[in-house]
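Notes follow the structure.
Order of the sequence lines sets the chain letters (A, B, ...), proteins ahead of strands, with each chain counted from 1.
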Number of protein chains: 2
Amino acid sequence: MQAISKEEKAKEEILLQAQKLFQQFGLKKTTMDDLASACSKAKSTLYHYFKSKHEVFDAVIDLEMTSLQAIIQSKVAEVDTISEKLTIYIITFHAEVTKMANLYRIIQNELAHEAFTHKQFRRMFSFEQAYISKLLQEGIDKNEIKEIDSDEIDWFAEMLIAAFFGVVQHSIESDNGLDHEKLTKTANRLIPRFIT
Amino acid sequence: MQAISKEEKAKEEILLQAQKLFQQFGLKKTTMDDLASACSKAKSTLYHYFKSKHEVFDAVIDLEMTSLQAIIQSKVAEVDTISEKLTIYIITFHAEVTKMANLYRIIQNELAHEAFTHKQFRRMFSFEQAYISKLLQEGIDKNEIKEIDSDEIDWFAEMLIAAFFGVVQHSIESDNGLDHEKLTKTANRLIPRFIT
DNA sequence: AATCGACTAAAAAACGAAATTAGTCGGTAA
DNA sequence: TTACCGACTAATTTCGTTTTTTAGTCGATT
C-alpha cells in the first residue's frame, strides 16, 4: 500500500491551480509566474515537477480526458446490452463535453492551428475509437451483433466515433440547435437499429 | 430566350479566374490587382461587377456549392428508394468534397475564425439539412419510413447531417484513415437500417 | 455600359526598442 | 537526496513608428 508521495501531492496541487487558471484565462494569458503564485511557490520550483509549460497543459488535458472517460465508463457499465451501452455512450459524452465547453472553446479558439492540439485530439479520437471497438467486440462475442467481420470492427468504430463527434461538435457550436433532449430521443431510437 | 448578357459573361470570367487564384494562393494572398491582371482588366473595372473582394469570394463559394449540389441531386435522382438516396447522398458528398479539398483547406486554415466563414458554413448546413428533410418527407409520403413524426423531421435531418459532416471531415483531416471504399461499404450497410 | 489611370484611405508588413516571460543555474535548508 | 528559492538569461511578445501594399473611389474616355 503506497501512500501518495509528496511529489504526487505537489503535482496534483499544481495541476489543480493550472486547471483553474487555464479555464479562466486560456493558455496564452496564463503565465508560469501566475501559476507559481497561485501555488504559493517560486516559478523555478514548478520546473522541478514539469519540464515545460507545455507539459503542464498536456497534463491538465490528460486529467480532463481521464475524468471524462471515467464518467463514461461508469455510466456504460450500468447497462447490459451493446445497444444500450452505445446509446449511453453518446448521451454521456455529449453531456460531459458540453459541461467542459469552456475548455473546448480555448482549444478551438486559441489553439486551433497548433500542431500539438491535433496530437491531443487524435489521441482522444484513437482512445475513444479503441473503446468503441472493444464494446463492439464484446457485442459480437455475446452474439448481440451479427454481420460485422472482426477485421472490420476498427474502421466501423472509427466511423461511428466520427459521426458521434460530428453531432456533438455541431451541438456545441450551434447553441440554438440540438439540445440534450433531442439527442437523447434520437440516440435511443436510432442506435438500436444498428445492432442486429 | 435570353442570350447571356455581356455583363454575365464578364462576371463569369472574373469568377473563373478568381476561383483559380483562390485555389492556388488562398484568399489573403490573392490581391485584387492579381485578379485584375489575370482577367486582363484594370482593377477598377472589377468594381464595376462586384462591390468588394468579399463579394467575389462569396460568389466563388456559391459557385462551388451550387455545382456540388447539382452533382449530388443528379446522382440522387438516379435511384428510387429513400434508403438508396441517403446512401448515394453521403457517398457523393464525400467524393466531391474530397475533390475540392484544397478549397476546404483554405477555409479551415486561413478563415477558421472569420465570422463570414461561419455564415457560409451555416448556409451550407441549412441548405443540406433542408434537402435531407425533403428526402425524408418524401420517404414518409411514400410510406418507406415509419416511426418519424413530421414535426421531428427537421432535427432528425439536422442530426443526420451533423453525423455525415463529422464523417466527411474526419475523412479529410486524417489522410490515412477512412477511404472512399470503406465509407461506401459502411454507408451501404448502415443506412438501410435507419429506414424502416 | 464598360473600361481605364490616377488617387486615397485603410490595412498590413517591416523593424527596432522595450518589456514579458519561459526556462536555467547555483545555492540552501531539511 | 528532495523540495525549494532568487537571480539570471535567452527567447518571445508587445509596442510604437515608418513604409509599403492593397482595397476601394472617382472622374474621364470610349
Review point. Can you name the residues that form a salt bridge (charged side-chain N to carboxylate O under 4.0 Å, His left out) with A/K20, not counting sequence neighbours?
Key: none
Revision key, fill the gap. Sorted by chain and number, sequence neighbours left out, salt bridge (charged side-chain N to carboxylate O under 4.0 Å, His left out) with A/E55 holds for A/K51
Take atom [atom1] of [X] and atom [atom2] of [N], then tell me their distance rounded to the nearest Å.
{"X": "A/K28", "N": "D/dA11", "atom1": "NZ", "atom2": "P", "answer": "22 Å"}
{"X": "B/F25", "N": "D/dT22", "atom1": "CZ", "atom2": "P", "answer": "13 Å"}
{"X": "B/E8", "N": "C/dA2", "atom1": "CD", "atom2": "P", "answer": "10 Å"}
{"X": "A/D58", "N": "C/dA22", "atom1": "CG", "atom2": "C1'", "answer": "16 Å"}
{"X": "B/K29", "N": "C/dA12", "atom1": "NZ", "atom2": "C1'", "answer": "10 Å"}
{"X": "A/M32", "N": "D/dG6", "atom1": "CE", "atom2": "P", "answer": "16 Å"}
{"X": "A/K11", "N": "D/dC4", "atom1": "NZ", "atom2": "C1'", "answer": "16 Å"}
{"X": "B/K53", "N": "C/dA11", "atom1": "NZ", "atom2": "C1'", "answer": "11 Å"}

Check your understanding: Do we see a donor-acceptor contact under 3.5 Å between the side chains of B/T87 and B/N188?
Key -> no
Exercise for review: May I ask you to check whether B/S171 and B/H94 show a side-chain donor-acceptor distance below 3.5 Å?
Suggested key: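 Present: a donor and an acceptor within the cut-off.
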Check your understanding: Would A/E152 and B/R189 pass as an ion pair if we require N to O under 4.0 Å?
Key ->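 Between B/R189 and A/E152 there is a salt bridge, with a charged N closer than 4.0 Å to a carboxylate O.
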Check your understanding: Does any pair with a residue in residues 67-77 of chain B pass side-chain hydrogen bond (donor to acceptor under 3.5 Å, both in side chains), and if so which ones, sequence neighbours excluded?
Key -> none
Check your understanding: Residues in side chain to side chain contact (heavy atoms under 4.5 Å, CB included) with B/A130, at least two apart?
Key ->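 B/A130 satisfies side chain to side chain contact (heavy atoms under 4.5 Å, CB included) with no other residue.
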Practice item. Begin from the C-alpha positions of B/K11 and B/E8 and carry the test salt bridge (Lys or Arg N to Asp or Glu O under 4.0 Å) through to its verdict. Key: CA-CA 5 Å; B/K11 273 193 162 187; B/E8 288 302 316; 5.4 Å; no
Point to revise | Within residues 37-52 of chain B: residues closer than 4.0 Å to DNA chain D (heavy atoms) | key: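 Correct list: B/K43, B/S44, B/Y47, B/S52.
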Revision key, fill the gap. Rounding to the nearest 10°, end axes of the helix from C/dA1-D/dT30 to C/dA30-D/dT1 built from five pairs each make an angle of 40°
Check your understanding: Do the non-hydrogen side-chain atoms of B/E12 and B/L16 ever get within less than 4.5 Å of each other?
Key -> no
